[in-house]
K.L.:
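Below is a structure I'd like to ask you about.
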2 protein chains.
Amino acid sequence: MPYDPSAFPPFAVTVDLVVLTVRRDALCALVVRRGEEPYEGQWALPGGFVGADEDLSRAAARELQEETGLRAHETAGGFPGAHLEQLATYGAPDRDPRMRVVSVAHLALAPDLPSPTPGGDAQGARWAPVDDLLGATDISHRNAGGAHKASLAFDHGRILAAGVERARSKIEYSSLATAFCPPEFTVGELRRVYEAVWGVVLDPRNFHRKVTGTPGFLVPTGGTTTRQGGRPAQLFRAGGANLLNPPMLRPEV
Amino acid sequence: MPYDPSAFPPFAVTVDLVVLTVRRDALCALVVRRGEEPYEGQWALPGGFVGADEDLSRAAARELQEETGLRAHETAGGFPGAHLEQLATYGAPDRDPRMRVVSVAHLALAPDLPSPTPGGDAQGARWAPVDDLLGATDISHRNAGGAHKASLAFDHGRILAAGVERARSKIEYSSLATAFCPPEFTVGELRRVYEAVWGVVLDPRNFHRKVTGTPGFLVPTGGTTTRQGGRPAQLFRAGGANLLNPPMLRPEV
DNA sequence: GCAATAGTGTCTATGAGACAATATAGT
DNA sequence: ACTATATTGTCTCATAGACACTATTGC
């Protein structure tokens, strides 16, 4: 308690980002290839140092912008942009062999982006299905059935798992699933987001009744689209409601 | 991304603790009086620096032990001890006027302790009802109706509010409410915990049916007690179940 | 017409909440 | 007897999930 600010162990503080999106009906995370030791050549989560006079959330938003071009905002709704929130902080003494680094992990949820490999200052970046990234436990460069699998650098596998779990549980009781959708979307497209994130199949009819019956969740724009084929579907925007009550229920609990 | 470990801004990293308990049917938090500037004489959350080779959770457990004598454990169940989990990290550049400090806040839930002011190396420590601590917004030393109210030092008011909100929501879908109870407790005592944390009144009959009907939540020990008066009540221990399904529902949502 | 997706209606089982009734202690 | 708490039972309403059915497009 006698808290002496002149004698304290020095730490480096970074932000790491779990950026999730839904591509081709699969939940994907943004990973970058490391260009230097340690873990050179392996995939890692994007991130970087927090500036000397920079707030943590601001550092996270800056990194997100640098990696994806997306602007972050707190509440789901306005587009284009991504939802950004703090996830957890990782600070095991040996998590980086070079020095003592405390990393404040953040979670970002973004709509599917046009460019497959978003621009950034990393050597390489790609969207990888989280099942591939998390399927590999510790075995580097394991190839099973043609799937590209390799464990992430540092403790980024744990961080990614925490981010995925947070996203999975949060779309239950909040309207955050709309953060994965373009500005206007159909009920079917929103349902495919839930199906991709949870890895389940939902009844289209019950889902439709549920989401359209929850006040403030969806706002009809008046337009329709047939981009999914079949009967034209109404287009919606995300409503102002942030908390869903009652929640969407994940099946088989 | 070209991440140069030799050139990084130095940070101090601390842990701050939101330690909650239920005393006299009120949710209370542990606060300590500051013995030095800034905010000298004001109440603050307990906390301290993270050691050079110390994990974050270990530093939090150490501080908890120093302040309350409680040993921390991850899962609710074994006693005596407190539930401890990471809450969030606060790192605004100006949150401490002396230097750049990033604080990893932790949440601890403890049963009511025998000593009103637990031992510790702080000048003074006490359990204060969270309603009193959070009722004060920015006005230092406001006295309303004899209640002792003063806003907390630094950004500790925000941190406490986040901890209280986490506790309130987490007892809905987990068995964490038992962390506020002694090793053996009655259904009525558990109900009073929920009522104190949520600030509501629950129907004793529906509550009883609900908690005893949730598999794995409560395990009868065989004993009974009349310490609450009236008909003897069965004693229970916390069961192994960590997640409640279906959850306890907070009324008036 | 046929395939595909959108959307509505109906039925049933489950659980939450209201509340009557009974049980067992202390005074 | 009276009060206080515990515990069980019963009733009603809302909703999740299963699923039949209709609607509207493109081919």
Side-chain angles (χ1 to χ4, degrees), chain A residues 25 171-173 177 181 184-196 198 200-237 241 243-253, chain B residues 25 171-173 177 181 184-196 198 200-237 241 243-253:
Chain A
D25 292 332
I171 64 174
E172 281 190 279
Y173 57 89
C181 293
E184 296 198 349
F185 53 88
T186 70
V187 172
E189 290 163 351
L190 181 63
R191 175 171 48 82
R192 274 177 278 275
V193 165
Y194 273 93
E195 291 177 334
W198 284 344
V200 297
V201 174
L202 300 174
D203 185 293
R205 299 157 292 184
N206 292 334
F207 183 87
H208 188 281
R209 192 158 30 83
K210 174 84 184 185
V211 296
T212 56
T214 300
F217 191 6
L218 300 182
V219 178
T221 65
T224 60
T225 182
T226 59
R227 60 188 173 218
Q228 301 289 343
R231 170 176 167 179
Q234 284 185 72
L235 286 169
F236 294 87
R237 285 184 297 103
L243 258 47
L244 301 188
N245 202 285
M248 292 290 308
L249 290 183
R250 210 182 325 189
E252 197 246 345
V253 190
Chain B
D25 292 332
I171 65 173
E172 281 191 279
Y173 57 88
C181 294
E184 295 198 351
F185 54 88
T186 69
V187 171
E189 290 163 350
L190 181 64
R191 175 170 48 81
R192 275 177 277 276
V193 164
Y194 274 93
E195 290 177 335
W198 284 344
V200 297
V201 174
L202 300 174
D203 186 292
R205 300 158 293 186
N206 291 336
F207 183 86
H208 188 282
R209 191 157 31 81
K210 173 84 182 183
V211 295
T212 57
T214 299
F217 191 6
L218 300 181
V219 178
T221 65
T224 61
T225 182
T226 60
R227 60 188 172 217
Q228 300 288 344
R231 170 175 165 182
Q234 283 184 74
L235 285 169
F236 294 87
R237 285 183 298 104
L243 258 46
L244 301 187
N245 201 283
M248 292 289 309
L249 290 184
R250 215 186 315 194
E252 198 247 346
V253 189

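Each chain gets a letter, A, B and so on, in the order the sequences are listed, and its residues count up from 1.
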K.L.:
Would you say B:F236 and B:Q234 make side-chain contact, with heavy atoms under 4.5 Å?
P.N.:
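Of all side-chain heavy-atom pairs linking B:Q234 with B:F236, at least one is under 4.5 Å.
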K.L.:
Between the base of C:dA20 and the side chain of B:R205, is there a donor-acceptor distance below 3.5 Å?
P.N.:
yes
K.L.:
Would the base of C:dA6 count as contacting A:R231 through its side chain, where contact means a donor and an acceptor less than 3.5 Å apart?
P.N.:
yes
K.L.:
Below 4.0 angstrom from OP1 or OP2 of D:dA16, is there any side-chain N or O of A:R250?
P.N.:
no
K.L.:
Are any of B:H208's side-chain N or O atoms less than 4.0 Å away from OP1 or OP2 of D:dA6?
P.N.:
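The answer is no; no side-chain N or O of B:H208 sits under 4.0 Å from OP1 or OP2.
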K.L.:
Write down the distance between CG (A:N206) and C1' (C:dG9), rounded to a whole number of angstrom.
P.N.:
11 Å
K.L.:
Measuring from atom OH of B:Y194 to atom CZ of B:R192, what distance do you get when rounded to the nearest 0.5 angstrom?
P.N.:
14.5 Å
K.L.:
Round to the nearest Å and state the distance from B:E172 atom CD to C:dA16 atom P.
P.N.:
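Checked: the CD to P distance equals 12 Å.
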K.L.:
Respond yes when some side-chain nitrogen or oxygen of B:Q234 is under 4.0 Å from OP1 or OP2 of D:dA6, and no when none is.
P.N.:
no
K.L.:
So which nucleotide from D:dG17, C:dA16, D:dC19 ends up closest to the side chain of B:L249?
P.N.:
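The answer is C:dA16.
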K.L.:
Please give, in whole Å, the distance from C:dG7 C1' to A:L218 CG?
P.N.:
14 Å
K.L.:
Grab the CZ-C1' distance between A:R227 and C:dT5 for me, whole Å please.
P.N.:
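That distance rounds to 14 Å.
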K.L.:
For the pair made of NZ in A:K210 and P in C:dT8, what is the distance, rounded to whole Å?
P.N.:
17 Å
K.L.:
Measure the distance from CZ on B:F207 to C1' on D:dA6 and round it to the nearest whole Å.
P.N.:
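Rounded to whole Å, this separation is 13 Å.
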K.L.:
Given atom CG of B:D203 and atom C1' of D:dC11, what is their separation to the nearest angstrom?
P.N.:
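From B:D203 CG to D:dC11 C1': 14 Å.
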K.L.:
Choosing from D:dC19, C:dA16, D:dT7, which nucleotide comes nearest the side chain of B:P246?
P.N.:
C:dA16
K.L.:
Do B:T186 and B:T224 have side chains that get closer than 4.5 Å, going by heavy atoms?
P.N.:
no
K.L.:
Are B:R209 and D:dT10 close enough that a side-chain N or O sits under 4.0 Å from OP1 or OP2?
P.N.:
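No, outside the criterion.
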K.L.:
Measure the CG-NZ distance between A:L202 and A:K210 for me, rounded to the nearest 0.5 Å.
P.N.:
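Between atom CG of A:L202 and atom NZ of A:K210 there are 11.5 Å.
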K.L.:
If we ignore hydrogens and angles and just use 3.5 Å, is the side chain of A:E189 paired with the main-chain N or O of A:C181 as donor and acceptor?
P.N.:
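Side chain of A:E189 to backbone of A:C181: no pair is present.
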K.L.:
Reading DNA chain C from 5' onward, which residue's closest nucleotide shows up sooner: A:T212 or A:G229?
P.N.:
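Closest to the 5' end, via its nearest nucleotide, is A:G229.
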K.L.:
To the nearest Å, give me how far apart CZ (B:F236) and C1' (D:dT7) are.
P.N.:
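It is 10 Å, rounded to the nearest whole Å.
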